[in-house]
Amino acid sequence: MSEMTPMMAQYMEIKKDYPDTILFFRLGDFYEMFFEDAHTASSVLELTLTARSYSKGEKAPMCGVPFHSAENYIARLVSKGYKVAICEQVEDPKTAKDIVKRDIIRIVTPGTILDDTLLDSRKTNYMASVCREGNDCAVTFVDVSTGELMGTTLYDDMTCDKLINELARFSPVEIALGGNTVQNRKITEFLGSRLSALTFTYDADEAEKNALEVLSSQLKNASDITDRLLKISTCALIEYLIETQKAQMAHIHTLSIYTSQEFVDIDAASVRNLELIETMRDKSKRGSLFWVLDNTKTAMGARMLKQWILRPLVNAAAINNRLEGVEEIYSSITLRDDLGEALTGVNDIERLMSRASMGTANARDLLGLCSSFQKLPFLSKILCSARSTILSIQAAHLDTLDDLCDLLTRGIDPDAPISLREGKLIREGFNEEIDSLRAIANDGHSYITSLELRERERTGIKNLKVKFNKVFGYYIEVSSSNLSKVPEDYIRKQTITNGERYITAELKDIESTVLGASERLVALEYAEFVKLRERVCAEMERIEKTARSIAVSDVLYSLAHSAVKNGYVKPEVNLSTKLNIEDGRHPVVEKVLSDSLF
């Protein structure tokens, strides 16, 4: 084989380290795929397969997608079970001495999707890590899109039923298996037949070796994790996330350790047969218990309501605490209406903060946070008027975040674009240097217009135009019929089909001023935006606590609204094991058969 081109040699070197992914290799305005990746992607994404020379006389199969619309293509590949490694240009092509440096910036997998357009906002997106040794095992779950991390240890699970029930309850889309997990036929059959999750194995011994360092650096409550298997499963999960996301998971900082005794143990078959979250027939929400009870106003509340349905409490005091909150909202139409109004329009703060923490949030994401923060004073006032213990706790935990709301209102342009590399991110009046550069850049465009008018008058060429492209910068274009009128001070730059292109000393001076100011403006706006994003992330704990308070309030509102709408009554719950139902109704069946008596 002849020597490869430098670019293809670079591609092969990067691909070598990521053999199990489809490599999105950035070339200009496209992500390109080559060889087997190209064959796979062209088939799955229905792209045209072309070819590119990679050595003398040899061509590589190739296909590509525009970088600005890559997320949709990535989502389609991930939904088919593929991992996608995103390889970006990590230096400015203008300053590159040789071939532009490229590196993997992120690996997208089913469990690490962050884009809201690719996720169901009312559904959690869990990953799981399992470590099994003998009949004991630990399982850790994480939702990267919200930062939620929880884990438990299941002792003496000889039949593996406890583990299967936990996996069925959380329905992870990606599972890491360690220890002797893969040797258990019952588990592997369940994973293969019931969960359409991407599974892979990890080295439990290696994870145990790294556990102390990884957990202590990542988790604030690392010292609370005393179980050895739970340490291993949690460490393996965090290591995988850091490896694939090429970043520290700052928003994943606390492991919530739970025990199976805290919740009613609903086995996998019952979750399916009772149709708690989705129907058996077509996996739809309609016809499920969640469908009947979901009157939540926010995505955060909807996800929490699902958790409450799938993990019912067993502690009578905790149950009654929730019921008292529902009863207070149920009993007061004013409280119920005000709470519904306050929650309406609150965006998905949890997922917006996850993107901010991982450096993928754009200006519109921060504006989404800002508009949500603007609702908090009213929500706080409503909760502070409540008397039930659970609503009073939410009032205490809810921070109105006035300082961050003010910062984002002053800092982010309300019409900011999605892209962070086009400028127009920072609001006028927030940064003096940005305002100054913006004025120069805007004035520069008026200079160009003025120059065009003067040159038309000076030369007598009525259709003379001053144009711009990325290759030549600004230039004067003259048609063939007017070439005899071109002044001597015009410097010919390029011949085109219908005329010539020229530059002048004055035009080059204006170009230097305008482009220099524009480039510095874009760079400075981006730097200022990153500072704002980091400032918001520095208040992560305040924002997370507030988001949880909103979610709990929303679930209580939803249950109260359902009770009013459907004529439900408050049950009496005590420590007795006896269950007595009088004049019971089936909440789902009576909704589906609305015109019939059941």
Side-chain angles (χ1 to χ4, degrees), residues 26-30 66-68 88-101 363 413 415-530:
R26 180 71 178 271
L27 286 176
D29 290 338
F30 283 79
F67 84 95
H68 56 79
E88 274 291 355
Q89 297 173 169
V90 294
E91 70 172 336
D92 189 339
K94 296 177 185 176
T95 60
K97 295 179 181 179
D98 193 6
I99 188 170
V100 178
K101 288 182 182 177
D413 189 316
D415 298 317
I418 293 175
S419 171
L420 297 179
R421 300 291 186 177
E422 297 175 7
K424 301 178 183 177
L425 301 173
I426 304 301
R427 195 167 195 158
E428 187 175 346
F430 186 72
N431 180 296
E432 288 185 14
E433 188 178 356
I434 287 175
D435 288 347
S436 176
L437 286 171
R438 191 174 285 151
I440 293 171
N442 291 338
D443 287 345
H445 294 301
S446 66
Y447 295 154
I448 295 295
T449 303
S450 175
L451 177 91
E452 184 178 76
L453 293 173
R454 282 191 284 109
E455 288 303 306
R456 285 179 181 177
E457 189 174 335
R458 177 166 83 99
T459 62
I461 304 171
K462 301 302 181 185
N463 64 351
L464 177 149
K465 291 181 181 178
V466 178
K467 295 184 176 181
F468 173 83
N469 68 34
K470 291 182 180 179
V471 178
F472 295 113
Y474 286 101
Y475 55 85
I476 298 169
E477 189 168 289
V478 179
S479 61
S480 300
S481 60
N482 290 300
L483 294 180
S484 60
K485 299 178 183 179
V486 172
E488 291 185 2
D489 61 329
Y490 275 33
I491 304 166
R492 192 172 69 81
K493 189 73 175 176
Q494 184 188 28
T495 299
I496 57 175
T497 304
N498 300 316
E500 300 279 352
R501 289 174 176 173
Y502 301 90
I503 58 170
T504 67
E506 182 183 6
L507 183 59
K508 294 307 289 181
D509 287 343
I510 294 174
E511 177 185 88
S512 178
T513 301
V514 173
L515 295 186
S518 297
E519 289 178 1
R520 293 201 306 276
L521 175 61
V522 169
L524 188 58
E525 285 203 67
Y526 176 73
E528 191 66 30
F529 171 80
V530 170

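When reading the values below, keep in mind they use all heavy atoms of this one structure, side chains included, and skip hydrogens, waters and symmetry mates.
The minimum heavy-atom distance linking A363 with P417 is given by the pair CB-O, 4.2 Å. When all heavy atoms are compared, the tightest approach of D435 to G429 is OD2-N, 3.0 Å. When all heavy atoms of Q494 and F472 are compared, the pair lying nearest together is OE1-CE1, 3.1 Å. Contact record, I503 with L507: CA-CD2, 4.4 Å, taken as the closest heavy-atom pair. Residues T504 and D489 come closest through the heavy atom pair CG2-O, 4.3 Å. Shortest non-hydrogen contact noted between S518 and A441 is OG-CB, 3.7 Å.
At a threshold of 4.0 Å, the pair E433-R520 does not count as salt-bridged, since none of the basic side-chain nitrogens sits closer than that to a carboxylate oxygen. A salt bridge does not link E457 with R454: none of the charged nitrogens is closer than 4.0 Å to a carboxylate oxygen. Salt bridge annotation for K101-E91: absent, with no cationic side-chain nitrogen under 4.0 angstrom from a carboxylate oxygen.
Side-chain atoms of T459 and Y490, non-hydrogen and from C-beta on, do get closer than 4.5 Å to each other. Side-chain contact between E528 and I434 is present, with at least one heavy-atom pair separated by less than 4.5 Å. L425 is not listed as a side-chain neighbour of D413, based on a closest heavy-atom distance of 4.5 Å or more.
For S479 (side chain) and G499 (main-chain N/O), no donor-acceptor pair under 3.5 Å exists by modelled atom type. Side chain of N482 to main chain of K485: no donor-acceptor pair is present (N/O by atom type, distance under 3.5 Å, no hydrogens or angles).
Atom OH of residue Y475 and atom NZ of residue K508 lie 12.5 Å apart, to the nearest 0.5 angstrom. Here the straight-line distance linking atom CZ of F468 with atom CD of E511 works out to 7.0 Å at 0.5 Å rounding. In this structure, CZ on R26 lies 5.5 Å from CD on Q89, to the nearest 0.5 angstrom. Atoms CG and OG, from L524 and S436 in turn, are 10.0 Å apart once rounded to the nearest 0.5 Å.
Looking at R421, R438, K424 one by one, the single match for salt bridge (charged side-chain N to carboxylate O under 4.0 Å, His left out) with E525 turns out to be R438. The salt bridge (charged side-chain N to carboxylate O under 4.0 Å, His left out) test with E477 is passed by exactly one of K465, R501, R456: R501.
Environment of OH in Y447: sparse, with no more than 12 heavy atoms of neighbouring residues, nucleotides or ligands closer than 6.0 Å.
For Y502 and E455, the side-chain atoms include no donor-acceptor pair closer than 3.5 Å.
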Side chain to side chain contact (heavy atoms under 4.5 Å, CB included) between Y474 and L451, worked out: CA-CA 12 Å; Y474 286 101; L451 177 91; over 6 Å; no
